[in-house]
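These numbers come from the heavy atoms of this one structure, side chains and all, not from hydrogens, waters or symmetry mates. In the text below, chain A, chain B and the rest are named by the order of the sequence lines, each starting its count at 1.
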There are 2 protein chains.
Amino acid sequence: MRIGELSRRSGVPVPTIKYYVREGVLPAGTLTSPNQARYDDGHERRLRLIRALLDVGGLSLSAIAEVLEAVDDPGQPVHKVLGVAAGRIIPEESGKPEESGESGETDEAEEVEAAEGAGPESADAREEVAALLARRGWYVDADNAAARSLAGVLAALHRVGHGAFVELLDVYADAAEPVARADLDYVRRRVAREDLVESVVVGTVLGEAMFGALRRLAHVDASARAYGDPEEAGRWAGA
Amino acid sequence: MRIGELSRRSGVPVPTIKYYVREGVLPAGTLTSPNQARYDDGHERRLRLIRALLDVGGLSLSAIAEVLEAVDDPGQPVHKVLGVAAGRIIPEESGKPEESGESGETDEAEEVEAAEGAGPESADAREEVAALLARRGWYVDADNAAARSLAGVLAALHRVGHGAFVELLDVYADAAEPVARADLDYVRRRVAREDLVESVVVGTVLGEAMFGALRRLAHVDASARAYGDPEEAGRWAGA
DNA sequence: GATAGCGGACAGTCCCACTATCCATAATTC
DNA sequence: GAATTATGGATAGTGGGACTGTCCGCTATC
């Protein structure tokens with residue numbers, strides 16, 4: 001097909017498709033003449049994936065580009081691709097590993113040290129994560145991306161005065177385990193490498209969105225039950 | 001304290017603080033002279049909340065402004081505030097309610113109709129959500145924000161050819177229920193109105209980030225177990 | 001052979017979260 | 001009490017992100 005049909009089928013405007021090709025998230029069509037190219041189902045599929053990652057998953061185009069680059073490189077071992085996927089999916093929150101050497105703040109601001117990067121909360125948070133991993137017996141390296149991301153969240157909770165929220169960590173972890181097992185199971189049913197990799201991306205990104213929506217639905221239900229009054233049914237998540 | 005100290009304590013640059021005041025996310029200090037103002041702990045706390053919502057929660061400043069406006073208005077009934085909070089937290093994905101009247105597409109693109117707004121997937125997805133709500137006996141209005149958001153995710157899954165992923169819906173819902181109960185429990189322990197409202201915001205936003213990180217950690221663990229080989233431990237979520 | 005569509009290049013747009021510069025005044029330091 | 005630094009307020013500028021518009025010369029199709 002030509003670009004116009006691709007646009008019509010996918011709902012993505014022609015200039016936007018051209019833009020995606022320029023940005024490297026979508027492969028160019030195969031040229032049949034100096035100014036004529038063909039696109040196929042693969043392009044359409046890729047386009048739908050891009051839109052889903054962009055609109056539902058909230059990824060940036062550059063993150064998508066990195067993920068898809070790894071997906072498209074047959075030389076990459078699968079587990080590396082998955083690492084890239086998970087890495088780009090995490091919005092690079094706070095938990096950066098910037099260990100020390102934090103000088104340059106106005107002058108003698110070390111006594112306060114409330115910036116995001118480090119601070120006492122971060123060290124505590126990293127310990128909390130390490131303790132969690134040990135407690136649950138998870139086979140996870142304590143400085144991988146997800147662990148640092150979690151530490152960032154915990155540090156943020158402490159900073160906003162809701163350190164008590166971490167009491168729910170084990171409830172959350174209990175919930176995360178079966179979900180992760182189910183995700184893995186879904187992925188294992190794929191056979192082709194491309195399908196496998198793509199399902200990891202889809203599962204990680206859209207799965208997170210799916211759980212988020214379900215959690216909010218469960219909030220509505222739980223508060224409707226807790227507060228009885230149907231007028232107050234929107235107490236947590238609103239009508 | 002004055003703005004400089006507020007900046008030092010919170011780690012937010014002075015011009016940025018001024019900007020937040022302009023944007024209405026942070027109340028102005030109380031003037032002591034035409035060009036001198038005082039800030040207090042409340043400002044610092046608010047500033048930390050803004051940064052957490054921005055950096056960890058991924059909310060936009062305008063979304064934060066809407067949420068905080070509702071939080072700060074003592075005339076707002078609590079459940080309305082919570083509705084606003086949940087509403088702004090959802091990134092306004094795909095599941096918009098644009099029912100019909102979709103004209104204007106190039107010309108006769110109705111046969112294809114692959115744009116995001118409507119399409120056959122959206123109707124199916126809404127039905128799937130309604131079925132889920134009925135199946136689980138959740139007291140939720142089928143057209144609230146979270147339900148539409150979920151429908152958007154399901155529609156996206158179908159569009160990218162991963163409709164099978166929705167088989168995991170009930171696994172996810174099983175996991176969401178205890179999490180939501182724990183969240184509600186956490187919130188109910190708050191007494192002061194402001195604390196209550198803030199903990200809903202924090203719990204909804206940071207809780208989602210926390211679960212996401214835990215899920216990815218559980219992925220790493222689950223695949224380490226499934227694939228045994230420690231070299232492959234990063235199979236799903238990467239080292 | 002007229003018309004519509006195309007590939008490619010590049011400039012322009014809009015939004016967002018800041019960041020920089022000014023200025024007149026206030027606080028602090030010597 | 002003079003010099004230095006900080007402050008509030010206003011306005012302008014920046015850089016990134018995701019497009020969108022326009023042009024050109026060529027190609028496919030009626």
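- Where A/Gln36 and A/Pro15 meet DNA chain D, the nucleotide closest to each residue was compared, and A/Pro15 sits on the side nearer the 5' end.
- Of the two residues contacting DNA chain C, namely B/Asn35 and B/Ser60, the nearest-nucleotide position lying further toward the 5' end is that of B/Ser60.
- For B/Glu5, the salt bridge (Lys or Arg N to Asp or Glu O under 4.0 Å) partners two or more places apart in sequence, or in a different chain, are B/Arg9.
- With sequence neighbours excluded, the residues that form a salt bridge (Lys or Arg N to Asp or Glu O under 4.0 Å) with A/Asp72 are A/Arg46.
- Among pairs with a residue in residues 14-26 of chain B, those fulfilling side chain to side chain donor-acceptor pair (under 3.5 Å) read B/Tyr20-B/Arg51, at least two apart in sequence or across chains.
- A search for side chain to side chain contact (heavy atoms under 4.5 Å, CB included) contacts involving A/Ala125 returns A/Ala151, A/Leu154, A/Ala155, not counting sequence neighbours.
- Listed by chain and residue number, A/Val21 satisfy the side chain to side chain contact (heavy atoms under 4.5 Å, CB included) test with A/Ala28 (two or more places apart in sequence, or in another chain).
- Across residues 23-30 of chain B, not one residue has a non-hydrogen atom less than 4.0 Å from an atom of DNA chain C.
- Applying the side chain to side chain contact (heavy atoms under 4.5 Å, CB included) criterion to A/Ser62, with sequence neighbours excluded, gives A/Ser60.
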Next on the checklist: Evaluate B/Val202 against B/Leu49 for side chain to side chain contact (heavy atoms under 4.5 Å, CB included), listing each step before the verdict.
Outcome noted: CA-CA 8 Å; B/Val202 167; B/Leu49 179 60; 3.8 Å; yes
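- On the nucleic acid side, DNA chain D contacts chain A at distances under 4.0 Å to non-hydrogen atoms, with the end points of that region at D/dA18 to D/dA28.
- Taking for each of A/Val14 and B/Thr16 the nucleotide of DNA chain C with the nearest heavy atom, the 5'-most of the two is the partner of A/Val14.
- Running 5' to 3' along DNA chain C, contacts with non-hydrogen atoms of chain A at under 4.0 Å begin and end at C/dG5 to C/dC10.
- The ring-ring contact (aromatic ring centres under 6.0 Å, His included) analysis of residues 21-64 of chain B, with sequence neighbours excluded, yields the pairs B/Tyr39-B/His43.
- By the side chain to side chain contact (heavy atoms under 4.5 Å, CB included) test, A/Ala164 is found to be paired with A/Glu167, B/Tyr186, B/Arg190, residues two or more places apart in sequence or in another chain being considered.
- Between A/Arg38 and A/Pro13, the residue anchored closer to the 5' end of DNA chain D is A/Pro13, taking for each the nucleotide with the nearest heavy atom.
- Listed by first and then second residue, the side chain to side chain donor-acceptor pair (under 3.5 Å) pairs involving residues 25-36 of chain A are A/Arg2-A/Gln36 (not counting sequence neighbours).
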